[in-house]
Number of protein chains: 2
Amino acid sequence: MSNSFNHTKYLILFLLLSLQSKAQNAALFNHISNEVITIPSKVLNEERQIYIYVPKQDSANPNKTFPVLYLLDGENHFHILSAYIDYLSHYEIIPPMMVVGIISKDRRKDLTPTNSTIDYFGKVDSIYKTSGGNEHFFQFIKAELIPYIETNYKAGSYKIFAGHSFGGITTINCMFTHPDMFNAYIAISPSLWWDNKYILKLAESKLTKLADLNKTIFYSTANEGINEPDSFHTDVLKFDSLIANRTPKGLLYKYKCYPEESHMSEPIVAYYEALRFIYQDWKPPLKK
Amino acid sequence: MSNSFNHTKYLILFLLLSLQSKAQNAALFNHISNEVITIPSKVLNEERQIYIYVPKQDSANPNKTFPVLYLLDGENHFHILSAYIDYLSHYEIIPPMMVVGIISKDRRKDLTPTNSTIDYFGKVDSIYKTSGGNEHFFQFIKAELIPYIETNYKAGSYKIFAGHSFGGITTINCMFTHPDMFNAYIAISPSLWWDNKYILKLAESKLTKLADLNKTIFYSTANEGINEPDSFHTDVLKFDSLIANRTPKGLLYKYKCYPEESHMSEPIVAYYEALRFIYQDWKPPLKK
């Protein structure tokens, strides 16, 4: 698999180290190794840039693999997620894991389930004319990105799919339409208004048919339309009540509202809480 | 000033960029420029390593200066703070600012106001034998570090002093003993138990004498001893009631308790809330 990619790889030194031997207290651990790779995708017929955070490998256990968090809008949230995981895993609050930040050149295309040119207010807006690329984008992730990561890194089988806004409807859409791809989902302020509430209808139809769904999902909202009768906010409440009333066997879910946060500040608090929820029962390995 | 420092400077590329011209949506902004410098301190008679985050300079306003956040335990929290500031300032939620992460080779020395070898449980512990270095450390910051930063970077006059645990008592000690040095203080779970509650006594004696204190302070606790009668937690409650009952003119303060967080997870949520509190009234400059 890896030979088919003529990827360029920039090793990026986030070099905050070198003092380790002198430190009298906790070891300095901010030795973050981030890479930017470019994958020439045949599925999408274009190059895609990917940011990758790799935890430090334990020298006593060089074959240990890591869970992988696939992050949408990577250019926006990669730095925060890699900082959280680096810090929290150092203190054994969550396990060390990889972050794969996916960059979308056209996020309205990649991160929407259907083609529609209707905006949040019900007006036609041509900026959405390329929308509806979710399925194509999932094929890229499934056939090219995940195999690439699993061939070239110590990637384990546990995979999290995380997104915000349009990225949030994308992760929910993936859970219902390709439940084999990921184990856990994060949907921060999912844009459930999209295309006449397409994802709400999908959830309604899928949930009645599912016998089980052994997944974990965290979803949240900020202050978007929080006091309005039919709004961004009430769509997420509707999604939550669908999940709560028809919970498939095995589904672990949590909904959190952050009334103090805006659409753009919310990812800071919500991504942290999502990681804590997904790993709430995780225990660090016993020391030998 | 800068000539007196024979500093080595590693330019560290956190290079997540180069796509900007192709992006169809929000510009990719994770172009984080972090540096590690080494300052040969005469005050401390040793070299000190410093991590520095510098916001992107606005090309239309090349002489604009930035507030500076001086961060204790830099090796631990620098990555999180620089990620927050990079992200939040991009969305104009807080202003762009510099982060100066100070690394302590002996944090028990730098970050304690007095010499004591008594631990939290009242037992003698020789790991504290070098304690009591706050005043010496403040002289380094005042006479060497701040002038270095102000000479070599676009550093403005507004300065924040931020610390966690022993770093928390250090920032509070600095507010009372050198109120000319900083404008705002962050004290996340300050170890007020230190040396028979030395800082509580200092606060009590100083607060009665102060006519005004035009500063901003945010302090917080996690779940440390939260249900115990005389504990880490109750010491912070006592500090909060001292502040609330004897608020000097001009002091803006906020106390927040995070019962769901531990001593080591708390900085993630508390540093974010502290930044939002300090800049609660900040408005982005009007676009021309």
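Since this is a predicted model, take the numbers as computed values, not measurements. Numbers restart at 1 for each chain; the letters A, B, ... are given by sequence-line order, proteins then strands.
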Asks: About how many Å separate CG of A/Leu275 and CD1 of B/Ile268, when rounded to the nearest 0.5 Å?
Replies: 8.5 Å

Asks: Above 12 or not: heavy atoms from other molecules or residues under 6.0 Å from CD of B/Glu260?
Replies: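 Counting neighbours around CD of B/Glu260, 12 or fewer heavy atoms of other residues, nucleotides or ligands fall under 6.0 Å, so no.
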
Asks: Would a distance-only check, ignoring hydrogens and angles, find a side-chain to backbone donor-acceptor pair under 3.5 Å from B/Tyr87 to A/Ser265?
Replies: no

Asks: With side chains defined as the heavy atoms from C-beta onward, is the minimum distance between B/Glu261 and A/Arg276 less than 4.5 Å?
Replies: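 With C-beta onward as the side chain, the pair touches.
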
Asks: Out of curiosity, B/His90 NE2 to A/Asn76 CG, how far, rounded to the nearest 0.5 Å?
Replies: 6.0 Å

Asks: Please work out which of the three classes, parallel, tilted or perpendicular, describes the rings of B/His79 and A/His79, given edges at 30° and 60°.
Replies: tilted

